[in-house]
Structures are given as structure tokens and as C-alpha cells.
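Every chain is numbered from 1 and lettered A, B, ... according to where its sequence line falls, protein lines coming before strand lines.
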Amino acid sequence: DGGITQSPKYLFRKEGQNVTLSCEQNLNHDAMYWYRQDPGQGLRLIYYSQIVNDFQKGDIAEGYSVSREKKESFPLTVTSAQKNPTAFYLCASSTGLAGEQYFGPGTRLTVT
Amino acid sequence: RKEVEQDPGPFNVPEGATVAFNCTYSNSASQSFFWYRQDCRKEPKLLMSVYSSGNEDGRFTAQLNRASQYISLLIRDSKLSDSATYLCVVRGTYSGAGSYQLTFGKGTKLSVIP
């Protein structure tokens with residue numbers, strides 16, 4: 001079955017540690033995205049990538065980094081510079097930047 | 001004015017009722033419009049795209065009014081399984097930076113009661 005997988009589902013870290021969230025898709029989509037959702041808030045775009053080895057900052061990129069070495073994979077690193085990292089992180093993909101976006105199941109990150 | 005505004009609800013309706021959600025957007029040049037459904041603690045799932053002429057998918061009808069910058073979603077014959085948060089999503093214009101960014105509303109919560 002084609003889809004988007006994110007792991008782990010829940011992640012706990014101590015403040016000051018970097019953490020990497022995984023996102024893999026087998027939909028053969030070119031574009032991939034990372035969003036953050038906080039309680040009662042709309043999704044906010046962190047980074048997106050249109051093609052391999054290229055990515056762009058979204059609205060709230062500070063404290064995050066990404067890589068896109070393979071079409072199928074778009075990992076997100078939450079660095080210690082991110083002031084409020086506790087959130088629900090969602091990865092999405094689409095056929096192109098104008099295509100409909102489909103989401104993975106998300107990772108809930110808690111930093112204490 | 002917020003970019004995409006929705007009534008947060010909650011809307012509590014009995015099974016079988018008809019319920020309508022509204023959404024307004026601020027960017028008059030917005031190109032594409034969508035409704036997503038999000039269950040509690042789950043990812044958003046695309047419910048339907050919204051076309052200029054309006055479109056229907058079973059019990060769901062979406063309408064777009066570009067002049068008023070207004071989108072609506074109508075659910076007929078509500079089922080218990082329709083209980084979720086409904087997100088209004090708008091895609092802006094090509095920004096020159098290769099971006100067709102989506103802007104998400106905060107969502108409207110629907111609870112269908114037996």
C-alpha cells in the first residue's frame with residue numbers, strides 16, 4: 001500500500017537535545033512538507049522540498065533543519081535552538097507544489 | 001484580518017441533522033480551496049477540494065464565493081462517524097519563491113450526538 005510513514009509516533013526528549021523525526025513516502029511524490037500543530041492552532045509550515053537536494057524555509061523554520069537526499073525521505077531535525085519544540089509534527093507530500101497534500105500519521109514530540 | 005478564519009464551534013448536532021460550516025479567507029488572489037477532516041489526535045485527511053462551481057460528494061457539498069471570499073461545507077444526514085474537526089485550507093498564488101503554500105484554518109469541531 002502506498003502511503004506516508006512517520007516514526008516514532010511519540011517521542012520524549014530532554015531540553016537541549018537535538019532530535020530527528022523520520023518521514024518516508026512511497027507515493028512517488030516530488031514535493032514533501034513538514035508542519036507543526038499546536039493545540040487549538042492551525043498547521044504551520046516549517047520546511048518544504050520540491051525536489052531532491054532542494055528545500056525551502058516555511059513560516060517557522062527557526063530552530064529546525066531538514067535534508068532531502070532521497071525522493072522518498074525528508075527527515076526533520078528539531079534542534080536545541082527551537083524555543084518551544086513540544087508539538088504535533090506532521091509530514092505531508094504531494095505530486096508537485098500545486099498538488100493535493102496527503103499527510104502522514106504524525107509524531108508527538110514532548111520536550112521537558 | 002486573519003488569513004483563514006473559521007468558527008471554532010463546537011457544533012453539537014443530532015444524528016440525521018444538516019450542518020453547515022463557513023470559512024473566510026483574506027487573500028483575494030487565492031487559487032485553490034480544500035476541506036480537510038481531522039480526527040482527535042490524528043493527521044488531517046483530505047475531504048474534498050472546492051471548485052468555483054461548487055461540488056458535491058455524497059452527503060457533503062462545498063461552495064465557493066470568490067466575491068465574498070467565503071467557503072462553505074454542508075453535511076447532510078449527519079452520522080456519528082462525522083464527528084471530527086473540519087479544517088478550511090486555502091492555497092495562495094505563486095510567490096516567486098516556488099511556493100504554493102497552504103494556509104490552514106484552526107478548524108471547526110463537530111460532534112454528532114445519538
Checklist entry - With respect to S94(A), which candidate in Y48(A), Y33(A), Y102(A) satisfies the side chain to side chain donor-acceptor pair (under 3.5 Å) definition? => result Y33(A)

Item to check | chain A interface, residue from T103(B), L102(B), L87(B) that has the most non-hydrogen pairs under 4.5 Å | outcome: L102(B)

Item to check | side chain to side chain donor-acceptor pair (under 3.5 Å) partner of S49(A), chosen from R68(A), Q56(A), K71(A) | outcome: R68(A)

Checklist entry - At a heavy-atom separation under 4.5 Å, does R44(A) approach chain B through its side chain, its backbone, both, or neither? => result neither

Checklist entry - Between Y86(B) and F33(B), is there a shared hydrophobic cluster once you connect ILVMFWY residues whose side-chain heavy atoms come closer than 4.5 Å? => result yes

Checklist entry - Aromatic rings F55(A) and Y47(A): how do their planes relate, parallel, tilted or perpendicular, breaks at 30° and 60°? => result perpendicular

Checklist entry - At a heavy-atom separation under 4.5 Å, does Q38(B) approach chain A through its side chain, its backbone, both, or neither? => result side chain

Checklist entry - So which part of L90(A) gets closer than 4.5 Å to some heavy atom of chain B, the side chain, the backbone, both or neither? => result side chain

Checklist entry - Checking heavy atoms, do the side chain of Q101(A), its backbone, both or neither come under 4.5 Å from chain B? => result both

Next on the checklist: Can you classify the ring geometry of F103(A) versus Y35(A) as parallel (below 30°), tilted (30 to 60°) or perpendicular (above 60°)?
Outcome noted: tilted

